[in-house]
**Q** 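Below is the structure I would like to discuss, written out as structure tokens.
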Amino acid sequence: MWKPWAALGQVRDFRHGQLWLDHDLGIVNGTVDSTLPVLDELARAASEGDPYPFDLVVVHTANPVGAATIMQVLERWSYPSRRVPSADELVDET
């Protein structure tokens, strides 16, 4: 079983710039997989006062309900986030 916290734990050693999330990841072992376990871990860490050090979490998905769910969690736990529709690109405007 994939454990997102194992991969996310590695960012504690250095500052990560961005995390990009898509809601629907496909079908794994006959079940629909999503990025929700990653969201659970981000929320857990933030609720314990130790959020992950991302400069920006980019939500890039064609699933509008999934995007709303992800954004709600990120905003609830004060992660800097931005929604980018699936057909668009994020362009640095600075």
Side-chain angles (χ1 to χ4, degrees):
M1 181 171 94
W2 179 62
K3 298 178 181 174
W5 49 93
L8 285 173
Q10 296 174 17
V11 304
R12 295 256 184 239
D13 296 333
F14 58 94
R15 183 143 185 95
H16 239 255
Q18 296 181 353
L19 173 66
W20 285 64
L21 296 176
D22 187 350
H23 184 271
D24 304 310
L25 302 177
I27 298 176
V28 177
N29 296 327
T31 61
V32 176
D33 199 10
S34 75
T35 197
L36 295 180
V38 173
L39 273 183
D40 289 343
E41 172 58 13
L42 293 175
R44 182 208 59 78
S47 74
E48 294 177 359
D50 192 22
Y52 285 89
F54 295 110
D55 294 326
L56 181 65
V57 180
V58 179
V59 179
H60 191 261
T61 181
N63 180 331
V65 174
T69 299
I70 293 170
M71 290 300 295
Q72 182 178 31
V73 171
L74 295 173
E75 290 168 2
R76 163 65 178 93
W77 294 108
S78 301
Y79 282 99
S81 57
R82 183 166 176 192
R83 167 83 165 96
V84 178
S86 63
D88 293 346
E89 297 177 13
L90 180 62
V91 177
D92 187 358
E93 297 171 354
T94 59

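Along the sequence shown, the residues carry numbers beginning at 1. These figures come from a predicted structure and were not determined experimentally.
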**Q** Among residues at least two apart in sequence or on other chains, which ones pass side chain to side chain contact (heavy atoms under 4.5 Å, CB included) with Ala68?
**A**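 Ala68 satisfies side chain to side chain contact (heavy atoms under 4.5 Å, CB included) with no residue once adjacent residues are dropped.
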**Q** Quick check: closest heavy atoms across Arg44 and Tyr52, and the distance to 0.1 Å?
**A** NH2-OH, 4.3 Å
**Q** Using the rule side-chain contact (heavy atoms from CB on, under 4.5 Å), only one of Leu19, Asp22, Asp40, Leu21 pairs with Thr35; which is it?
**A** Leu21
**Q** Among residues at least two apart in sequence or on other chains, which ones pass side chain to side chain contact (heavy atoms under 4.5 Å, CB included) with Glu75?
**A**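 Glu75 satisfies side chain to side chain contact (heavy atoms under 4.5 Å, CB included) with Met71, Ser81 once adjacent residues are dropped.
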**Q** Write down the atom of Ala67, the atom of Thr61, and the distance for their closest heavy-atom approach.
**A**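 For Ala67 versus Thr61, the nearest heavy atoms are CB-CG2, 3.5 Å.
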**Q** Locate the shortest heavy-atom distance separating Tyr79 from Leu42; write the atom from each residue and the value.
**A**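 Closest approach of Tyr79 to Leu42, heavy atoms only: OH-O, 2.8 Å.
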